[in-house]
Amino acid sequence: IENGAHLSDAASGVPDVQGGASATVTGTNSLWDGFTQLSVPFDSSTGSLTIDNGGTVGNLNDQFLVIGLATGGQGTLTVQNGGKALSSQILFGIFDGSTGTGTITGTGSSLSTINLGLGGYAPTHAGSGAITISAGATGTVSGVTTLWTAPRTGYTANITINGGSLTTAQLASNGAVGVINLQADPTSGQALIDSGGTGATQTFGGQITGPGTFKKTGSDTLILTAN
């Protein structure tokens, strides 16, 4: 999808990129949206999605962008050069044995969602999910960022921020799981911001490491339980 083209999946609603396939959305005003669920991949194969050069996938009304859904599935998302990934739910590595990996890199590149999940979708589901936000890219989560893999063994949920930033209204984990590695702050601001302002109580049991800055704002209470 390039040169300002627009693909709307309102008819089928559930597209997927699988069987070793790849999809690219590139160029200003190029857009893929209208889906109920876009899976990369849906089955136990591999798939990749690249959003490049100002292209956009999704909007906050689209329900699910899933990178690595089924057992054995391996999905990759790359957002670069001002690309934008948006969906009401963005999930990496949902079911047992699935793997979802995301790279959001470069000034102007962004990932925006209401809820971000890594390594599962609920306590009964567990895969491996990882994202890296770097080189001026941003992640914005207006709801909850959740690291899910506990109590499973052999699966991981990781966030790495290296010169980018992630702002989330809430930060949570399904027990003592997950690592958030703050390798470096962006040129201006902090690597990780928890901005919740509804008066809720959040609990995060994973590790937050690295020399980058973690800033807590808003009226929510955040409880960190890791050693």
Side-chain angles (χ1 to χ4, degrees), residues 9 12-18 33-49 51 57-79 85-104 111-133 139-160 166-180 194 196 200-207 225:
D9 262 308
S12 66
V14 286
D16 52 67
V17 181
Q18 61 187 33
D33 69 352
F35 48 81
T36 300
Q37 178 173 303
L38 170 56
S39 301
V40 184
F42 181 83
D43 61 9
S44 60
S45 65
T46 62
S48 65
L49 172 62
I51 311 169
V57 169
N59 59 63
L60 293 178
N61 294 318
D62 292 332
Q63 295 299 303
F64 289 91
L65 173 58
V66 181
I67 311 300
L69 187 147
T71 300
Q74 299 180 28
T76 302
L77 170 68
T78 302
V79 183
L86 305 93
S87 189
S88 61
Q89 312 279 333
I90 300 182
L91 310 172
F92 293 85
I94 291 185
F95 290 108
D96 291 14
S98 64
T99 301
T101 304
T103 300
I104 300 90
L111 179 148
S112 301
T113 184
I114 298 172
N115 294 308
L116 173 64
L118 295 104
Y121 179 60
T124 55
H125 304 324
S128 289
I131 61 169
T132 298
I133 303 173
T140 304
V141 183
S142 62
V144 186
T145 297
T146 306
L147 282 66
W148 277 109
T149 55
R152 301 289 202 270
T153 58
Y155 303 122
T156 57
N158 298 314
I159 298 173
T160 300
L166 173 64
T167 301
T168 184
Q170 296 187 27
L171 181 63
S173 66
N174 186 29
V177 60
V179 176
I180 301 177
D194 184 309
T201 297
Q202 315 165 33
T203 301
F204 182 71
Q207 299 179 16
T225 61

Looking at Gln202 and Gln170, what are the two nearest heavy atoms and their distance? OE1-CA, 3.2 Å

For Ser128 and Gly154, the nearest pair of non-hydrogen atoms, with its separation, is OG-O, 4.3 Å

Checking side chain to side chain contact (heavy atoms under 4.5 Å, CB included) for the pair Tyr155/Val177: CA distance, chi angles, key distance, verdict? CA-CA 10 Å; Tyr155 303 122; Val177 60; over 6 Å; no

Side chain to side chain contact (heavy atoms under 4.5 Å, CB included) partners for Asn115, two or more places apart: Gln89, Val144

Evaluation steps, side chain to side chain contact (heavy atoms under 4.5 Å, CB included), between Ile131 and Leu116: CA-CA 10 Å; Ile131 61 169; Leu116 173 64; 3.9 Å; yes

Calculate, to the nearest 0.5 Å, the distance between atoms [atom1] and [atom2] belonging to [X] and [Y] respectively.
X	Y	atom1	atom2	result
Thr140	Leu166	OG1	CG	7.5 Å
Thr225	Gln207	OG1	CD	10.5 Å
Gln18	Thr46	CD	OG1	9.5 Å
Ser112	Ile104	OG	CD1	10.0 Å
Ile159	Thr168	CD1	OG1	8.0 Å
Phe204	Leu171	CZ	CG	5.0 Å

With a 3.5 Å distance limit and no angle check, can you tell me whether Thr76 reaches the backbone of Thr101 through a side-chain donor-acceptor pair? no

With no hydrogens and no angle check, is any side-chain donor or acceptor of Thr149 less than 3.5 Å from a backbone partner on Gly119? no

For residues 60-73, run the donor-acceptor check on the side chains, cut-off 3.5 Å, and write out each pair with its distance to 0.1 Å, sequence neighbours left out.
| residue | atom | partner | partner atom | Å |
| --- | --- | --- | --- | --- |
| Asp62 | OD1 | Gly34 | N | 3.4 |
| Asp62 | OD2 | Gly34 | N | 3.3 |
| Asp62 | OD2 | Asn59 | N | 3.1 |
| Asp62 | OD2 | Asn59 | ND2 | 3.4 |
| Gln63 | NE2 | Asn61 | O | 3.1 |
| Thr71 | OG1 | Asp96 | O | 2.9 |

Are the side chains of Trp148 and Ile94 in contact, using a 4.5 Å heavy-atom criterion? no

Worked verdict on Leu38 versus Asp9 for side chain to side chain contact (heavy atoms under 4.5 Å, CB included): CA-CA 9 Å; Leu38 170 56; Asp9 262 308; over 6 Å; no

Output all residues satisfying side-chain hydrogen bond (donor to acceptor under 3.5 Å, both in side chains) with [X], sequence neighbours left out; order by chain, then residue number.
X	result
Ser87	none
Ser45	Asp43
Gln74	none

For Phe42, the ring pair (Phe, Tyr, Trp, His ring centres under 6.0 Å) test, sequence neighbours excluded, returns none

